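In what follows, every heavy atom counts, from backbone to side chain, and hydrogens, waters and symmetry copies are set aside. Starting from 1, each residue takes its place in the sequence as its number. Just so you know, ligand 1 is whichever comes first in the structure, and atom 1 is the first atom listed for that ligand. Everything numeric in this text was worked out from a predicted model, so none of it was measured.
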Amino acid sequence: MNIFLIGFMGCGKSTAARYIGSHYGMGYVEMDRQIEEEQGCSISEIFAERGEEYFRKLETELLGRLESGPDQVVSCGGGTPMRECNVELMKKQGRIVLLTASAETVYDRVKNSHNRPLLEGNMNVDYIKGLMEMRMPRYEAAADIVVKTDRMNISDICRGIMEKL
Ligand code: S3P
């Protein structure tokens with residue numbers, strides 16, 4: 001069984017996946033980093049040179065490949081659950097965990113990052129809040145469990161995830 005961590009950018013998916021990987025003896029995959037390694041360029045370059053749609057196809061293709069690999073915890077991109085076929089692939093392979101955080105918390109966590117093309121030029125709480133509200137119904141529909149991450153430390157977040165699973 002794979003564990004898929006979904007949620008908005010800056011909700012702590014990558015940190016939690018790494019932590020669960022090392023403390024609970026599981027392999028972990030960070031989809032964005034894996035795609036960057038395989039493509040030999042950054043997410044920003046993929047968006048700029050090939051377009052978002054191309055990136056979305058890479059995400060779906062990678063999710064499909066995870067099915068035949070070992071059980072692991074997978075940190076998804078924030079947009080991964082927006083495609084229904086991705087949700088189906090995840091459901092077939094394991095459990096889906098939604099990590100949440102307020103727009104203010106997300107802003108604090110991502111404001112200095114420049115590898116999130118959707119936030120380039122939109123780096124403010126209002127934009128984050130709007131996009132988060134648009135996406136939340138799909139995140140919630142996809143999730144088997146939901147874990148809040150505001151003001152929580154990483155070990156409590158991961159204990160919460162593993163206990164609820
Ligand atoms: C995206 C989130 C990013 C990355 C890409 C698009 C999104 O991943 O996949 O920039 O659509 O929300 P993180 O959630 O890991 O930042």
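- Annotation: side chain of M90 is in contact with side chain of I6 (closest heavy-atom distance under 4.5 Å).
- A side-chain donor-acceptor contact under 3.5 Å links K164 to the backbone of V146.
- Within 4.0 Å of ligand 1, counting heavy atoms only, the contacting residues are M9, K13, D32, I43, F55, R56, G77, G78, G79, R116, P117, L118, R135.
- Closest non-hydrogen pair, L63 versus Q93, comes out as O-NE2, 2.9 Å.
- Here the side chains of R116 and E120 are not in contact, with every heavy-atom distance at 4.5 Å or above.
- Annotation for K92: atom NZ does not count as buried by contact number, only 12 or fewer foreign heavy atoms lying within 6.0 Å.
- Cluster membership check: Y28 shares its hydrophobic cluster with I145, using side-chain heavy-atom separations under 4.5 Å among Ile, Leu, Val, Met, Phe, Trp and Tyr.
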